[in-house]
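One structure is given here, and the rest of the page talks about it.
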Amino acid sequence: MTKRAYIETYGCQMNVNDTEVIFSILKDAGYERTEKMEEAELILANTCSIRDNAEQRIRGRIEVFHQQKKQRPEVLVGIVGCMAERLKDKLLDTGKVDLVVGPDAYRSLPRLLEAVSPDHPQIDVLLSREETYADITPVRTDRNGISAFISIMRGCNNVCSYCVVPYTRGAERSRDAHSIVREACDVYARGYKEVTLLGQNVDSYLWKSSAETVDFADLLVMVAAIAPDLRVRFATSHPKDISDKVIYTMAAHPNICRHIHLPVQSGSSRMLALMRRKYDREWYLERVAKIRSVMPDCGLTTDVIAGFCSETEEDHQATLSLMGAVGFDWAFMFAYSDRPGTLANRTMQDDVPADVKNRRLNEIIELQNRKSLERYRAQIGQKHVVLVEGPSKRDPAMLCGRASNNMMCVFPAGDLKPGDYTEVTVVDSTSATLICQ
Ligand code: 5AD
Ligand code: SF4
């Protein structure tokens, strides 16, 4: 009998893609996907450990899943992903979880599901040096059928001192370039018009076989060559690794979108050294200048952390001044969260008081909101080619879609349908949307 699996996904896009891999593995094990928790025999949360509040939220969900178990004792609850890897059997000790599976162990799911019962919880949190799930065709869970995410690598070899990811996702490994191209061809054949290549640090992608070596720029060329009307995006870039070759490759291919997500984390070189980012403020600004000299229209977004260990007002001001100087289109901004086991956790003091962290974060957010509005308003009068995604959330008479630089546009529907390209002119804007005609 077919059983139903319900999965909630937390954290990054990589996790969204992992959920698609999990659905594919579960399908082969006789499960079908449901979006209703109440009818599922298997409830999974694909989890994130990046900040403490991410984990707290998932702890709340475990309580909700437990209510389902009380009503239907046969229901199985599983925690998979980064929090499974970080907490391991501590999750089983709650008595509310039957299954704990780390990011490199999803192929064990059928075996674990055979063996599991509420009296016999199962765990597999082995990390791998090889696993890339290259041969697994993800069951796409996006709703629009236009834009697909493709993992090109797993794990991370950087040791940013604040970050838990190297511990939860293990060592970096790059996926077979031809399997990536096959997957991109496959989604294009099914009507998708955009692929986003995903990795913790795409610039260090490197795949070798006996016959060839493929770096990230080479991979971009291979995927861009599939079809001129297939857009290629990627995330995340690392400022220390983004090469001129990648920048020139983007510039040379109109279907590689003009957008780079380039997390800066801090504008203070002292903080960047403590964070072990392996670049300083000047290096970052030089990379931005290079990108803009080659592609003046390139969208730039970033991540910023407020209140890292020992951060002074002067360091904080350096972050504000860098953000002011660069003028990012958009930023993800966080208060520093001490994560057990990281280098910062073991060797530094989380000594910026919570109220100071929050005040600095608010100043960062306020500045970015002003900058976003400036950047979006500067687009008024510009023309953009937009890939139509679907109806606008606010006004169903309008459609929405992204410009190459990743800015969201809304525009009149006309005869357009999802998957079409259309040229629009920007007539107005908010700080997050271009209003177009
Ligand atoms: N505290 C706050 N933010 C963090 N990030 C990573 N680790 C932490 C942490 N311990 C942020 C970084 C990263 C993004 C994905 O999350 O900005 O780029
Ligand atoms: Fe993604 Fe990092 Fe969260 Fe893991 S910890 S899900 S890699 S954001």
Side-chain angles (χ1 to χ4, degrees), residues 7-22 44-58 79-87 101-104 106 125 127 149 151 153-172 198-203 235-241 260-267 271-272 274-277 279 284 301-309 311 319 322-323 328 330-346 348 350 352 354 357-358 360-361 364-365 368:
I7 310 185
E8 291 185 0
T9 307
Y10 297 88
C12 57
Q13 255 330 310
M14 187 85 68
N15 252 19
V16 176
N17 195 228
D18 279 5
T19 291
E20 299 181 330
V21 167
I22 294 168
L44 297 181
N46 190 3
T47 59
C48 175
S49 290
I50 198 103
R51 283 169 290 275
D52 185 56
N53 55 13
E55 289 199 357
Q56 291 312 330
R57 200 162 144 223
I58 292 153
I79 299 299
V80 307
C82 288
M83 203 172 156
E85 193 62 47
R86 196 180 83 71
L87 293 170
V101 187
D104 285 345
Y106 298 143
V125 288
L127 287 173
F149 292 88
S151 292
M153 58 207 297
R154 299 182 69 83
C156 185
N157 277 359
N158 298 317
V159 263
C160 301
S161 57
Y162 51 80
C163 189
V164 78
V165 174
Y167 307 94
T168 62
R169 285 188 171 264
E172 180 183 292
L198 292 176
Q200 297 296 341
N201 177 2
V202 291
D203 302 290
T236 294
S237 301
H238 196 303
K240 82 174 160 65
D241 293 321
I260 302 178
H261 185 63
L262 197 65
V264 66
Q265 314 300 2
S266 170
M271 282 291 103
L272 290 169
L274 284 178
M275 289 173 164
R276 305 234 168 171
R277 291 288 287 172
Y279 57 85
Y284 188 90
T301 53
T302 200
D303 294 346
V304 183
I305 298 177
F308 184 62
C309 306
E311 188 188 72
T319 296
L322 180 134
M323 294 174 73
F328 296 104
W330 182 251
F332 296 98
M333 299 158 280
F334 313 101
Y336 171 60
S337 168
D338 185 22
R339 307 309 293 131
T342 59
L343 193 69
N345 173 262
R346 287 181 277 123
M348 298 172 210
D350 178 16
V352 179
K357 264 187 206 170
N358 285 330
R360 289 180 188 167
L361 177 62
I364 287 170
I365 293 172
Q368 183 52 46

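All ligand and atom numbering here is 1-based and tracks the order in the structure. Just so it is clear, the values below take in all heavy atoms, side chains as well, and ignore hydrogens, waters and symmetry mates. If you read the sequence from its start, that first residue is 1, and numbering goes on from there.
Here the straight-line distance linking atom OG1 of Thr342 with atom OH of Tyr167 works out to 6.5 Å at 0.5 Å rounding.
There is a side-chain donor-acceptor pair under 3.5 Å between Asp241 and Asn201. Residues Gln56 and Asn53 have side chains that never bring a donor and an acceptor to within less than 3.5 angstrom of each other. Using modelled atom types and a 3.5 Å distance limit, the side chains of Ser49 and Thr168 yield no donor-acceptor pair.
Those atoms of ligand 2 that come under 4.0 Å of a heavy atom in Gln200, given as number and element, are 7 (S).
Both tests hold for Arg51 against Phe334: distance to the six-membered ring centre under 6.0 Å, angle to the ring axis within 45°.
With hydrogens and angles disregarded, no donor-acceptor distance shorter than 3.5 Å links the side chain of Asn345 to the backbone of Asp338. Side-chain atoms of Asp52 never come within 3.5 Å of backbone atoms of Ser337 as a donor-acceptor pair (strictly under, hydrogens ignored). Tyr106 contributes a side-chain N or O that, together with a main-chain N or O of Gly81, makes up a donor-acceptor pair within less than 3.5 Å.
Near atom 4 (Fe) of ligand 2, less than 2.8 Å away, sit the protein N, O or S atoms Cys82 SG.
When the side-chain hydrogen bond (donor to acceptor under 3.5 Å, both in side chains) test is applied to Thr302, no partner is found at least two apart in sequence or on another chain. Phe308 pairs by the ring-ring contact (aromatic ring centres under 6.0 Å, His included) definition with Tyr336, not counting sequence neighbours.
Under 4.0 Å from any atom of ligand 1, one finds heavy atoms of residues Ile50, Arg51, Tyr162, Gln265, Asp303, Ile305, Phe334, Ala335, Tyr336, Ser337, Arg339.
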